[in-house]
Amino acid sequence: MEIRAMLEALCGQAAPSGFETSVARTAMELLRPLVDEVYQDRLGNVIGMRRCGREGAPLLLLDAHLDEIGLIVTGVEDGFLRFRSIGGVDPRVLVDQEMTVLTEPPLFGVVSCLPPHVLKVGDSDKAQTIEQLAIDIGLPQEKAEQAVPVGTPVVCRSQGAALGVSRFCGRALDDRACFAVLLRAAQLLQDTPLDVDLCLLGSVFEETGGWGAQTAAYGLAPDYCVAVDVTFARSSGVSEEEAPCKLGGGPAVGVGPIIPRWMSGRFKAKAAQQEIPCQTEILSGRTGTNGDDFQTAREGIATAVLSLPLRYMHTPAEVVDLEDMERTARLLSAFAKDLGKEAEQVC
């Protein structure tokens with residue numbers, strides 16, 4: 001399966017943090033042909049294991065989270081759904097958005113707002129808060145209460161589409177684009193002998209605290225981890241200083257105090273050997289990814305961060321470059337080859 005088809009299959013599932021069942025099912029189906037074993041742990045993380053056949057071989061864990069940001073219904077008022085956010089939702093992007101309410105079957109809704117004609121002077125310059133917004137599902141109070149229980153999750157209604165020649169636009173690319181990258185890397189490694197056991201992790205709960213990464217790292221006890229997540233790509237009106245990475249420039253190798261130098265250095269060396277364009281992402285403290293949790297799991301795990309440039313993060317119109325995805329997969333596969341032998345020389 002091509003990388004875009006994998007991406008569309010994953011992003012076709014509505015699955016905010018805590019409600020990842022549908023995307024986990026899709027991820028497991030995509031993983032099965034590529035690994036020896038696929039299962040879910042107690043928290044819901046999707047785990048695919050490929051054994052290299054060497055007894056006592058080190059374990060390399062490649063992670064990308066499956067959950068997305070969303071909303072959760074807190075009540076019904078005059079037929080309108082009140083809600084809170086799941087993860088880092090920017091209320092500015094919600095106004096007038098089409099929504100999918102994850103009942104069975106799902107309901108269509110729109111976030112209500114006042115038209116500009118009736119706004120008071122100065123109000124058009126102010127962003128509304130989550131508490132001021134509501135979702136219109138076209139039902140009166142009693143029927144809305146029956147149709148949508150409190151606690152129902154909601155996501156933006158966006159199916160995804162090609163943008164230009166090599167780019168893709170849609171919701172939940174953070175971080176399902178990176179899980180598609182893991183799948184592609186596993187494809188590239190299918191006929192390649194490895195000297196490490198390989199684990200592909202589709203983690204849950206990243207957007208609400210990284211709990212999936214915490215429990216998976218404790219249970220699997222890997223020797224090396226790579227957190228693969230998106231990073232901010234430059235867009236119109238954003239300077240290079242504000243967003244050093246650019247779309248189409250290849251994967252970004254994380255460099256900073258919590259990332260072992262040998263790991264970031266190895267990524268850069270492999271990129272040079274394979275003639276893969278790559279960028280540098282300076283991570284001066286916490287990385288804001290699952291890498292923070294892997295680093296401090298158990299007695300500490302050597303962890304790198306490899307990032308995929310993305311525009312318009314945490315909106316229904318995130319944008320990635322498919323060529324960047326392919327390059328990131330190639331770099332991951334190059335990193336995995338001979339890792340056991342080469343890591344012994346630097347650790």
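The distance from the CD1 atom of Ile259 to the OG1 atom of Thr287 is 6.5 Å, given to the nearest 0.5 Å. The CD1 atom of Ile72 lies 12.0 Å from the CG atom of Leu81; values are rounded to the nearest 0.5 Å. Summarising the geometry, atom OG1 belonging to Thr74 is positioned 9.5 Å from atom CD belonging to Glu77; distances are rounded to the nearest 0.5 Å. Residue Leu30 holds its CG atom at 11.5 Å from CG of Leu182, rounded to the nearest 0.5 Å. With rounding to the nearest 0.5 Å, the separation of CD1 in Ile135 from CZ in Phe108 is 11.0 Å. Note: Glu20 CD to Glu207 CD = 10.0 Å, rounded to the nearest 0.5 Å.
Contact detail for Leu283 and Gly254: the closest heavy-atom pair is CD1-CA, 3.8 Å. Across every non-hydrogen atom of Pro251 and Leu331, the tightest pair is CG-CD2, 3.8 Å. In terms of heavy atoms, Thr152 sits closest to Pro149 at OG1-O, 2.7 Å. What you find for Cys178 and Ala64 is that their closest heavy atoms are C-CB, 3.6 Å. When every heavy atom of Ala14 is checked against every heavy atom of Val155, the shortest pair comes out as CB-CG2, 3.6 Å. Residues Asn290 and Gly210 approach most closely at OD1-CA, 3.8 Å, considering heavy atoms.
Contact check for Leu247 versus Pro309: side-chain heavy atoms found under the 4.5 Å cut-off. Within the 4.5 Å cutoff, no side-chain heavy atoms of Leu60 are placed close to those of Cys199. Using a 4.5 Å heavy-atom cutoff, the side chains of Leu71 and Val89 are in contact. Between Ser235 and Tyr312, the closest side-chain pair of non-hydrogen atoms falls below 4.5 Å. Val253 places a side-chain heavy atom less than 4.5 Å from the side chain of Leu306. Using a 4.5 Å cut-off on side-chain heavy atoms (C-beta onward), Val320 and Met325 make contact. Between Met99 and Leu107, every side-chain heavy-atom pair lies at or beyond the 4.5 Å cut-off. Side chains of Leu133 and Phe83 form a contact here, defined as non-hydrogen atoms less than 4.5 Å apart.
Screening residues 97-112 for side-chain hydrogen bond (donor to acceptor under 3.5 Å, both in side chains), with sequence neighbours left out, gives Glu98-Arg157. Pairs engaging residues 163-184 under the side-chain hydrogen bond (donor to acceptor under 3.5 Å, both in side chains) rule: His65-Asp174, Glu68-Arg171, Glu68-Arg176, Ser166-Asp321, Arg167-Asp321, Asp174-His314, Arg184-Gln187, Arg184-Glu326 [sequence neighbours left out]. Under the side-chain hydrogen bond (donor to acceptor under 3.5 Å, both in side chains) criterion, the residue pairs touching residues 135-145 are Gln141-Glu145, with sequence neighbours excluded.
Residue Val228 is tested with Leu332, Asp63, Leu308 for a side chain to side chain contact (heavy atoms under 4.5 Å, CB included); the sole match is Leu332. Screening Val23, Thr26, Leu66 for a side chain to side chain contact (heavy atoms under 4.5 Å, CB included) involving Phe179 leaves a single residue, Leu66. Tested against Leu198, the residues Leu62, Leu61, Asp36 include a single side chain to side chain contact (heavy atoms under 4.5 Å, CB included) partner, Leu62.
Of the possible donor and acceptor atoms, one in the side chain of Asp67 sits under 3.5 Å from a partner among the backbone N and O of Glu206. At least one donor-acceptor pair closer than 3.5 Å links the side chain of Arg298 to the backbone N or O of Tyr218. Judged by distance alone, the side chain of Arg311 and the main-chain N or O of Ala233 form no donor-acceptor pair under 3.5 Å. Between the side chain of Asp223 and the backbone N or O of Leu59 there is at least one donor-acceptor pair closer than 3.5 Å. Using a distance-only test at 3.5 Å, with no hydrogens or angles considered, a donor-acceptor pair links the side chain of Gln295 to the main chain of Thr303. Counting only distance, with no hydrogens or angles, the side chain of Arg234 and the backbone of Pro244 share a donor-acceptor pair below 3.5 Å. A donor-acceptor pair is defined here as one N or O able to donate and one able to accept, closer than 3.5 Å; such a pair exists between the side chain of Asp41 and the backbone of Leu43. Of the possible polar contacts, one joining the Gln40 side chain to the Gly44 backbone as a donor-acceptor pair under 3.5 Å is found. Using a distance-only test at 3.5 Å, with no hydrogens or angles considered, a donor-acceptor pair links the side chain of Gln279 to the main chain of Gly250. With hydrogens and angles disregarded, a donor-acceptor distance shorter than 3.5 Å links the side chain of Asp324 to the backbone of Gly248.
A 6.0 Å sphere centred on NZ of Lys246 holds no more than 12 heavy atoms belonging to other residues, nucleotides or ligands. Around CD of Gln159, the count of heavy atoms belonging to other residues, nucleotides or ligands within 6.0 Å does not exceed 12. In the displayed structure, Glu2 atom CD is contacted under 6.0 Å by at most 12 heavy atoms of other residues, nucleotides or ligands.
Using a cutoff of 4.0 Å between basic side-chain nitrogens and carboxylate oxygens, Arg286 and Asp292 are scored as salt-bridged. Asp195 and Lys341 are not joined by a salt bridge, as no carboxylate oxygen comes within less than 4.0 angstrom of a charged side-chain nitrogen. Look at Arg25 and Glu29 and you find no salt bridge, because none of the NZ, NE, NH1 or NH2 atoms lies under 4.0 Å from a carboxylate O.
Using a 3.5 Å distance cut-off with no hydrogens or angles, the side chains of Glu281 and Ser307 do pair a donor with an acceptor. Side chains of Asn45 and Ser203: a donor-acceptor N/O pair is absent below 3.5 angstrom, by distance only.
In the hydrophobic clustering of this structure, Met1 groups with Leu183; members are Ile, Leu, Val, Met, Phe, Trp, Tyr whose side-chain heavy atoms approach within less than 4.5 Å, directly or through other members. Using a 4.5 Å cut-off between side-chain heavy atoms of Ile, Leu, Val, Met, Phe, Trp and Tyr, with links allowed through other members, Leu10 and Leu310 fall into the same hydrophobic cluster. When the side chains of ILVMFWY residues are joined at heavy-atom separations under 4.5 Å, either directly or via intervening members, Val204 and Val38 end up in two distinct hydrophobic clusters. Both Val154 and Val148 are assigned to one and the same hydrophobic cluster, defined by single-linkage of ILVMFWY side chains at heavy-atom distances under 4.5 Å. Hydrophobic clustering keeps Leu31 apart from Ile47 (ILVMFWY residues linked when any side-chain heavy atoms are closer than 4.5 Å, directly or through intermediates).
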- Could you give me the CA-CA distance, side-chain angles and deciding distance for Val196 and Arg54, then say whether side-chain contact (heavy atoms from CB on, under 4.5 Å) is met? CA-CA 8 Å; Val196 294; Arg54 287 180 51 211; 5.9 Å; no

- Message: If you apply the rule salt bridge (charged side-chain N to carboxylate O under 4.0 Å, His left out), what do you find for Asp197 with Arg51, and how did you get there?
- Response: CA-CA 5 Å; Asp197 292 334; Arg51 304 291 182 184; 3.5 Å; yes

- Message: Run the side-chain contact (heavy atoms from CB on, under 4.5 Å) test on Val101 and Ile137 for me, step by step, so that the C-alpha distance in whole Å, both residues' side-chain angles and the decisive distance to 0.1 Å come before the verdict.
- Response: CA-CA 9 Å; Val101 183; Ile137 56 172; 4.1 Å; yes

- Which is it for Asp293 and Gln214 under the side-chain contact (heavy atoms from CB on, under 4.5 Å) test, yes or no, and what are the steps along the way? CA-CA 6 Å; Asp293 297 299; Gln214 294 171 27; 3.2 Å; yes

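Residues Trp262 and Tyr224 bring their aromatic ring centres within 6.0 Å.
Relative to the six-membered ring of Phe168, Arg4 misses at least one condition, a distance below 6.0 Å or an angle of at most 45° to the axis.
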